[in-house]
Each structure stands twice: as C-alpha cells, then as structure tokens.
Amino acid sequence: MVKSMRLNIEYEHDIAINAFYWTPRSYREPLHYHASLEIGCCVSGEGEFYFGSKKYVVAPGDIFIVNHTERHIACSAEHNPSSYLFLNFDPGLLLEEDERLLLPFSIPSERFQNLIPSDSALATAIWPLMQSIWLELDRKLEGYQMMAKGLLLQIVSHLLRSCSTDIPPSEWREITDSFSNFRIISAYMQEHFNEPLDLEQLARMLHLSSSRVSRMFQEVLGRGFKDYLLLLRLAEARRLLVRTDMPVTEVCFASGFQSVSSFYRLFAGAEGISPMAYRNKYSGIAIFENELP
DNA sequence: ATTTCAGAGAATTCCTGGTG
DNA sequence: CACCAGGAATTCTCTGAAAT
C-alpha cells in the first residue's frame, strides 16, 4: 500500500482558484490528493509525474490533468529541476455553469490520459489561458475574478471537446450515461435548494439508496451532498444580504436554511463574519444601479 | 442579532450478499 | 472473482429553545 495523504486546499483569492509556480523536490515525496481539481504545465526542466502506479516523463510544455481521486506527485530530475505553473480550483465553479464540465475529470483512471503532450493542439490552446489566469490573479485589477473564471471555463471546455472526440463514441456514451444520474440530481438541487432537501428524497427520484447517492457525490464531485447543498444556499444568502434589506432571519429561510442557529454557524464558518457584518461590509457596493432594491 | 448546547436526526462509512 | 447496491453501524451535523 502506497502512503498517501489528503490535502486541504485553501484558496487565496475571492474566487476558488489558485495559480502558482512550483518546483517539485528531486526526491520522491509521498503521493497526495485533494478535493480541488488541478491542471499543471511544465515550464522548464525535467522530471517525472506519478499518478498511482502510472508514471509520465515530463518535458517543458507538457500539461497534466489531475482529478480529485487520483493520488499523485511530481518529481524533479536532480541535474535539471523542473518548474510548473499549477492551477487548482474548486469543482463547484464548473458545476455552476454546466455539469458536463466535470466530465473530463470523471473518466475512469485506467483510461484517463493525465498527460497532454506539449506539441498537441490542445496544449497549445490551453497554455496561454493558464498564463492569463496567473496574471489576473496576480494583478487583481477590477473584475479579475470574472476574468479568471471565464478563462478557466475556456480551458475546461477545450478539455471537454477533446475528450468527446478522442474517446470512441461507444465508450464516451458509457461515461456520459453513468454521469447522467448526477446531472439529474444536480439540476434538481439548483432548482430547489431553498426548500428542505435530503438525500433520501433525491435517492427516491433515482430509485437508489441514500448510501449509493452519497457515494455518487464523492465520486463525481469529490465532496459530499451536504457540502454541495451548503454551497448553493450560501451563495443565495450572500446575494440576498447584499442586494436586499430582508431581515437576517428571513434571508436565512429564503436561502433554504432550516434553522437560524445553523445559518449563523455555517455562515460564519464560510465567511468568517456574521451575516449582518457581511451585509454592512458589502452592501454599499452596488454594481448596477438597476439592481438596487 | 448572535451564540450555546444537548438531544434528535441525517449523512457517510463499513460490511455483506447478490450478480455478471 | 471482481464489482456494485442496499442496509446496519457509526459518525457527524442540525435543531430549537434559552441566554446574551
């Protein structure tokens, strides 16, 4: 059994994306994994990239795709250490747009191609986008969060396109089919997150057991049902706090929370401040005049 | 408006039996 | 024999009332 550890990734910006340059050690560190998805591009040097028992030899320009289940680690050649630009990001960002964007990261490990060779059209398309994200997050000019997210969506759309054409239609069919249950649930949740919602109920929709559906979330998203539901509810709560003058208690129930105490606890856990403090901090900033209440 | 806490309830994990 | 789904056991989180 190979030793591996789960890392908890913290995001350093107002958007759940990190971009950073990194040089792997020249000895082999233990494998690790994390809930966030990752894309790495080798910019210089030599080395290897390990995924479980798979091993890739790395050259500058090569791009690596890391999903939330595979254990992995990069390693530099001693005489010529490699350097990478890495992006890691929360799968929730993709889910907000279209569940299918998660497909490139949900392909079974044995047929998952982690390496995009430097000379491929795909790598050529992705690399400048990665650099732009790094620049945006570094400079933090007005609207950089939207820029970064937009660029990320482009990158992942490129990936989606390429796997839909590279993988034989029959197999692609199989992969998208096994994904369809999740799409049904995810769509339902986005529509009904502000109502009481539990796994049992979702499981019934699919004629599956709740334990099965719980595992499905881990497999597809890398995070549990509760976590994902919370993500949706918090987004709505933030919006209501900033854009309306609804009392906090009302915001709580309107965004789907079932009790005020858990709302305060979870909100503070995510934002670090109480709902009212959040409103005071951000409500002065109206982006569009016509969205004022 | 916000926090606290014990009891209640739900989600996740582990285990087992069925299935190809 | 490997894989997958359901159910039991376990672990974790929420709820609701009361205090600040």
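Every chain is numbered from 1 and lettered A, B, ... according to where its sequence line falls, protein lines coming before strand lines.
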Inspect the surroundings of CE in A/Met147 and state if more than 12 heavy atoms from other residues, nucleotides or ligands are less than 6.0 Å away. no

Would a single hydrophobic cluster contain both A/Val66 and A/Val57, if residues Ile, Leu, Val, Met, Phe, Trp and Tyr are joined by side-chain heavy-atom contacts under 4.5 Å? no

Looking at DNA chain B, which of residues 185-198 of chain A put a heavy atom within less than 4.0 Å of it? A/Asp198

Starting at the 5' end of nucleotides 5-20 of chain C, put B wherever the base has a protein heavy atom under 4.0 Å, S where only the sugar-phosphate does, and a dash everywhere else. BBB------BBBB---

N-O pairing of A/Glu136 and A/Lys149 below 4.0 Å: no

Would you say the ring centroid of A/Tyr84 lies under 6.0 angstrom from that of A/Tyr21? no

So A/Glu271 and A/Lys281, salt bridge (charged side-chain N to carboxylate O under 4.0 Å, His left out) or not? Walk me through it. CA-CA 12 Å; A/Glu271 295 297 331; A/Lys281 187 170 170 190; over 6 Å; no

Using modelled atom types only, decide if a donor and an acceptor are shared between the side chain of A/Asp62 and the backbone of A/Ser118 within a distance under 3.5 Å. yes

May I have the distance from A/Ile273 (atom CD1) to B/dT3 (atom P), rounded to whole angstrom? 11 Å

What is the distance, rounded to the nearest whole Å, between atom OH of A/Tyr264 and atom C1' of B/dT3? 10 Å

Interatomic spacing from CZ in A/Phe182 to CZ in A/Phe217 - rounded to 0.5 Å: 5.0 Å

Would you indicate what A/Phe225 reaches in the nucleic acid, counting non-hydrogen atoms under 4.0 angstrom: base, sugar-phosphate, or nothing? sugar-phosphate

Could you state the CG-C1' distance from A/Asp227 to B/dA10, rounded to the nearest angstrom? 15 Å

Without swapping roles, check the side chain of A/Arg279 against the backbone of A/Leu241 for a donor-acceptor pair under 3.5 Å. yes

Take atom CG of A/Leu229 and atom P of B/dA11, then tell me their distance rounded to the nearest Å. 9 Å

